Amino acid sequence: MKVLSPSQVAIKELVGEPVRATLTAAPGNGQSFGGIKVVAENGWFAARPSGTEDVYKIYAESLQSNEHLHQIQQEAQAAIAAVFRDA
């Protein structure tokens, strides 16, 4: 998962909004953050491997509501599961 590329995460919309960016490195300094971040207008999610377990963790934020956040989390889980399924 640390070597995911934006092309592997085939998500074009996040909760009905176009994906604005799919990142694997910090925009400010270009340093890899060991995962992937998908950004839309009103929310984002990031997925990266746990540092202590053989699992991945999803971080997410909504700029709208808790319901919107829950939808982002569901879509994030589906997108990352698809990467593992297709690998």
Side-chain angles (χ1 to χ4, degrees):
M1 181 149 186
K2 287 183 180 182
V3 294
L4 278 179
S5 71
S7 65
Q8 289 176 282
V9 180
I11 185 168
K12 304 296 181 211
E13 288 188 348
L14 186 60
V15 192
E17 297 178 341
V19 168
R20 297 174 113 190
T22 303
L23 309 168
T24 57
N29 62 11
Q31 293 293 313
S32 172
F33 44 74
I36 195 132
K37 183 176 183 179
V38 176
V39 182
E41 180 74 26
N42 289 297
W44 59 267
F45 77 85
R48 56 190 313 263
S50 169
T52 58
E53 301 171 286
D54 191 20
V55 298
Y56 67 90
K57 294 185 177 191
I58 293 178
Y59 304 87
E61 181 178 30
S62 167
L63 303 176
Q64 290 187 344
S65 67
N66 283 336
E67 167 85 19
H68 189 249
L69 175 61
H70 184 66
Q71 290 174 313
I72 291 172
Q73 291 167 329
Q74 288 179 323
E75 290 185 18
Q77 288 175 343
I80 299 304
V83 170
F84 288 125
R85 185 177 55 246
D86 296 341

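Treat the numbers as computed from the prediction; the structure is a model and nothing was measured. Starting from 1, each residue takes its place in the sequence as its number.
The line from CG of Leu14 to OG1 of Thr22 is 9.5 Å long, rounded to the nearest 0.5 Å. For the atom pair CD (Glu75) and CD1 (Ile80), the distance works out to 12.5 Å, reported to the nearest 0.5 Å. Of the inter-residue distances, the one linking Arg48 atom CZ with Ser32 atom OG reads 8.5 Å to the nearest 0.5 angstrom. Taken to the nearest 0.5 Å, the CD atom of Gln77 stands 10.0 Å off from the CZ atom of Phe45. The OG atom of Ser62 lies 12.5 Å from the NE2 atom of His70; values are rounded to the nearest 0.5 Å. Interatomic distance, Gln73 CD to His68 NE2, rounded to the nearest 0.5 Å: 11.5 Å.
Cluster annotation: Ile11 and Ile36 are assigned to the same hydrophobic cluster (Ile/Leu/Val/Met/Phe/Trp/Tyr, side-chain heavy-atom contacts under 4.5 Å, transitive). Under the 4.5 Å side-chain contact rule for hydrophobic residues, Val38 and Ile58 share a cluster. Connection of Val83 to Leu23 is not established within any shared hydrophobic cluster, with ILVMFWY side chains joined at heavy-atom distances below 4.5 Å, either directly or through further cluster members.
The shortest heavy-atom contact between Ala40 and Glu17 is CB-OE1, 3.6 Å. The two atoms that bring Pro49 and Gly34 nearest to each other are CD-O, 3.0 Å, heavy atoms only. Pairing each heavy atom of Trp44 with each of Tyr59, the nearest pair is CZ3-O, 3.6 Å. Residues Val9 and Ala79 share a closest heavy-atom pair of CG1-CB, 4.3 Å.
Residues satisfying the salt bridge (Lys or Arg N to Asp or Glu O under 4.0 Å) test with Glu41, not counting sequence neighbours, are Arg20. In this structure, the side-chain contact (heavy atoms from CB on, under 4.5 Å) partners of Thr52, at least two apart in sequence or on a different chain, are Ser50. With sequence neighbours excluded, the residues that form a side-chain contact (heavy atoms from CB on, under 4.5 Å) with Asn29 are Ala26, Gln31.
Between Asn42 and Val15, the closest side-chain pair of non-hydrogen atoms is not below 4.5 Å.
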